[in-house]
Structure formats: structure tokens, C-alpha cells
J.: 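Quick one: structure below, then a few questions.
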Amino acid sequence: WEGPGSLKLFLAEIRRKTAEGREEDEVPDFEEDEDAVRLSTIHAAKGLEFPVVILGALSRGGRKEPRGFRADRVRGHSALIFPGFRTYSAFREVSGSGRPPMTFERWEREKMKAEERRLLYVAATRAKDRLFLIEGSRGMGSDLLDALREGISACAAAGEEVCTLTGLPGRRVRLAEPPGDGSFGGEILRVPVASPLPPEAAPAEARALPPPPRALPEADAAPEPPPLPPPEPVTLAELYDRSRGKRFGEKVHRVLEAYPPLSSPWPPAGAVLPLEWEEGEAGRWERIVAAVRSSPLYRELRTARLKGTELPLLGFHAGRTTEERADLVVCREPGLAGGGEHWIVDYKTGPRERELEEQYLPKLRDYCSILAGAWSVPVRGFLWYVETGESVEVS
């Protein structure tokens, strides 16, 4: 009851995770420019993308053997397989898919290896700019590592190069030839590391990673943004509070998308919110409702006609496209020639902070420019701090 691994500690851990309101393998959200590392399983990373992905310790995953009850419904075979015990059906021969006949147990093993290859593909394609595959210094290998080595063994040598991360020499292998349309073929730099690297092992010019290759000519590229200031350290409690605040903001946007603040009363009578509030959020939402109802901007919006919520906006700058979404777009004077004046409203939760506001305003101006050019109408933009009722018009 009191010792390590006790029922009491287990229940306390379950209560803590329940109170946090997130899944076992879910990690807190990070800000876009925050200097942080996200740890994830391959399965949890499906559908996500990151600028840099590191697959670590590939030599320690192990080679999984079929265990327990194994069934292949397509071929109508099944077997019980345990160490030192197998039912007779585990030795039945299975044929098909252009392969020589093999036992059902080996067939199941081959299926598991194929799944590991698919997992390696999923993990590798999460990276947008750079992918690092780390074998690890210890371990008996794994199906993931076997799949990687098997793929590399069929590649052509492409010369030598110094690794920008470690400063050590390595050999390049070419996975695919450039297709000839200006995009890049695939290459891997294999770097043997015989001993642990000292903290300053790489030369100074190598420790700073070069920018990723560009498919567009440099002349068409946008100017490089100024370097970001060094990140400020945060505690885990602060990181969790940020994550909760971000989730609450997303919920507010979902409600405002479902029920735009154009009606009177607002929210409409009998409105069912498309979510559930966590502890303390319901009271915060009621304060938002009161602030919106008393806001001068809300009084103006009640006479407007809805044009769209979460409206997609596609911008084109310096040869690159960007896709954004406008929280709310309305037409203020629909009876006028040309469709009248349009307003874009960008919702913000939390208090008004001047430093952040300076970052919001250029993006809102961009929204107005895109919409004015697409629809040939006059457009005004507003930042709306829904928790205080304040609104700011872009100039």
C-alpha cells in the first residue's frame, strides 16, 4: 500500500492524469517558435510533421517474434505460439504473394517485419527539413534497423562529406536520383561514431547547421527574418498552464465558429456548445459571454451579414504561398453597389498585451489585403479581445 509500485501510488497517478485531461502519451503543446523538443512514439506522430525529426536508438527496438494467438483471416489459418509450445497449425505451410511456401509461424513473422518497415517509413516522413537516424551504441538491433540497412545496401555510393552536426567524416549514399524537375533526390550521410563525442567535438562552422536546400532560386526567396532572441527557460508548471490556455482558446474559437456573435441574443437560445469545459473553464466562458454582449463591436456586428467563419485565405509572397484562416468575415452594408464594406474579425483570448499585438496586426493587415484583392471590396480588420470586450482596428 505504501511502497514503490503500490496500488495507492497507481491510483494517485491515474487521478493526476485524469485531472490533466490528456492521454498517456500526449505531450503539452508548444508555441511555434519555442525552443523545445517533443518526445513521441511513432504511432502518436502519425499525421504530424516537424522541421527536424530524430529517430533514436534504432539498435534497441528488438526483433519481435509472433506470440500468443495468431490468426490470418484471409488465408483461414490460426495458431497458438508461445516459447516452448506451438500448436500443430503453426507448422502448416502458407503460400502466396509470389513467395516460396513457408510455415505459418514464419509467415506471421514476415508480416511483423513488413509492418516495421511501414513504421520506419511513417517515422522518416514526419521530417520536413532534416532527418537524423541514430543507431545507438548498445543494443541487439531491431526490425527498424534491419529495414534501414536493407534499404541502404541497395543504394549507390555518392562520395564523402563531413557531417555538419558531429564534424566527423562520413560517406554519402544516394537513395534516388533527382527527377529533373528542380526538386531534390534522396541521400543519406552515414557517419560512424566510434566513441562518445565531447561537447565541443564539432568545429564551430559545423555546429551551426546550414539552411535546408531550397527548391526555389535564391533570387525569388523572401528575405531572411531577423534571428530570434534566446528562449527564456520555463518550468513544467508554466508549460502546462500554457498548454491549458491554448486548448481553452481553441475551444472558444470552436464555439464562435458554430455561433458567430451576430445574433441577439447571443449565444442563441437553446444553443448546445460543441465541446465540454474543463475545471474552471465554464466560469471563464460566462465572463467572455458577458464581455462580448457589452462590447461596442458586437453592437455593430448585429447589423452585419455573415460571409464566412474560418474562411480560408491564400496569399502569395516572393514566390511562396501561405494559407491562413480568417475567424469571422461579415458584410456591413450589403445593399451598396459592389457588395458593400467587409470586416474581418480576428478573435483573441487572454488579456491585451501590446508586444503580442504588434505581431498580430501585420497578419491581420495581410488578411485584409488578400480579401480586398480577391473580392474587389473595401475591407477593414479588427482584433477582438473577447475576454475584455476590447477591439483594435488595423490601420
Side-chain angles (χ1 to χ4, degrees), residues 18-23 26 28-32 47-48 239-313 323-332 334 342-353 356-357 359-361 363-364 366-368 370-371 379-394:
T18 302
E20 288 181 353
R22 51 195 176 99
E23 299 295 333
E26 186 180 348
D29 296 322
F30 298 126
E31 298 298 330
E32 183 177 353
L48 303 177
L239 191 61
Y240 179 62
D241 288 341
R242 290 185 190 180
S243 179
R244 285 199 62 184
K246 184 176 181 180
R247 290 201 302 271
F248 177 75
E250 291 171 349
K251 290 180 181 180
V252 171
H253 276 70
R254 285 168 57 190
V255 176
L256 293 171
E257 179 184 3
Y259 302 105
L262 308 178
S263 62
S264 183
W266 179 85
V272 179
L273 304 187
L275 46 81
E276 292 184 2
W277 299 118
E278 297 180 21
E279 182 179 356
E281 291 182 343
R284 191 175 173 185
W285 168 248
E286 291 300 325
R287 291 190 291 272
I288 288 178
V289 172
V292 167
R293 287 174 175 172
S294 61
S295 168
L297 184 59
Y298 168 63
R299 291 194 289 271
E300 296 287 340
L301 290 174
R302 286 186 300 180
T303 62
R305 185 179 67 184
L306 178 66
K307 298 293 288 187
T309 58
E310 295 296 319
L311 185 71
L313 301 172
E323 184 175 349
E324 305 287 352
R325 289 186 179 272
D327 293 338
L328 175 66
V329 178
V330 300
C331 182
R332 278 282 294 138
H342 286 62
W343 286 10
I344 294 179
V345 179
D346 195 18
Y347 307 126
K348 298 298 177 187
T349 54
R352 182 180 178 183
E353 299 182 28
L356 289 177
E357 190 171 290
Q359 301 175 24
Y360 300 149
L361 293 177
K363 183 172 289 189
L364 184 54
D366 199 28
Y367 293 176
C368 295
I370 293 173
L371 194 64
V379 181
R380 296 166 64 185
F382 297 86
L383 286 178
W384 195 6
Y385 297 91
V386 294
E387 294 199 62
T388 62
E390 297 176 272
S391 60
V392 181
E393 183 176 357
V394 299

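Note: hydrogens, waters and symmetry copies are ignored here, and every other heavy atom, side chains too, is used.
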J.: Report the relative orientation of the aromatic rings in Phe382 and Trp343; use parallel for angles under 30°, tilted for 30 to 60°, perpendicular for over 60°.
T.: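 Correct class here is tilted.
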
J.: Please name the pair of heavy atoms, one in Leu301 and one in Pro261, separated by the smallest distance, quoted to 0.1 Å.
T.: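 Here Leu301 and Pro261 meet closest at CB-O, 3.8 Å.
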
J.: If the plane angle is over 60° it's perpendicular, under 30° parallel, otherwise tilted; pick one for Tyr347 and His253.
T.: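 Geometry flag for His253 against Tyr347: perpendicular rings.
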
J.: Less than 3.5 Å apart, any donor N or O on the side chain of Arg293 or Ser264 sitting next to an acceptor on the other?
T.: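 There is no such pair (donor and acceptor under 3.5 Å, judged by atom type) between the side chains of Arg293 and Ser264.
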
J.: Within 45° of the ring axis of Tyr298 and under 6.0 Å from its six-membered ring centre, is that where the NZ or CZ of Arg302 lies?
T.: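 Yes; both conditions hold, so Arg302 lies above the ring face of Tyr298.
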
J.: For the CZ atom of Arg305 and the NE2 atom of His342, what is their distance to the nearest 0.5 Å?
T.: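 Rounded to the nearest 0.5 Å, the CZ-NE2 separation comes to 7.0 Å.
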
J.: Suppose we screen for ring pair (Phe, Tyr, Trp, His ring centres under 6.0 Å). Which residues come up paired with Tyr385, at least two apart in sequence or across chains?
T.: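 Testing Tyr385 for ring pair (Phe, Tyr, Trp, His ring centres under 6.0 Å), a comparison that skips the adjacent residues, returns none.
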
J.: So how far is it from Asp366 CG to Leu313 CG, rounded to the nearest 0.5 Å?
T.: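 One gets 8.5 Å once the value is rounded to the nearest 0.5 Å.
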
J.: What I'd like to find out is whether the side chain of Leu328 reaches to under 4.5 Å of the side chain of Leu306, using heavy atoms alone.
T.: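 When only atoms from C-beta onward are counted, Leu306 and Leu328 do touch, with a gap below 4.5 Å.
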
J.: Does any non-hydrogen side-chain atom of Thr309 lie less than 4.5 Å from one of Leu256?
T.: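 The answer is no; the side chains never approach within 4.5 Å.
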
J.: Show me the pairs that pass salt bridge (charged side-chain N to carboxylate O under 4.0 Å, His left out) and involve residues 251-274, at least two apart or across chains.
T.: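 For residues 251-274, and leaving out neighbouring residues, the salt bridge (charged side-chain N to carboxylate O under 4.0 Å, His left out) pairs sorted by first residue read Lys251-Glu278, Lys251-Glu281.
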
J.: Val379 and Ile344: side-chain contact (heavy atoms from CB on, under 4.5 Å), yes or no, with the steps?
T.: CA-CA 7 Å; Val379 181; Ile344 294 179; 4.0 Å; yes

J.: Apply the test salt bridge (Lys or Arg N to Asp or Glu O under 4.0 Å) to residues Glu300 and Arg332: give CA-CA distance (whole Å), side-chain angles for both, the deciding distance (0.1 Å), then the verdict.
T.: CA-CA 8 Å; Glu300 296 287 340; Arg332 278 282 294 138; 2.9 Å; yes

J.: State, with a plain yes or no, whether a side-chain heavy atom of Val292 is found less than 4.5 Å away from one of Val386.
T.: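 With C-beta onward as the side chain, the pair touches.
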
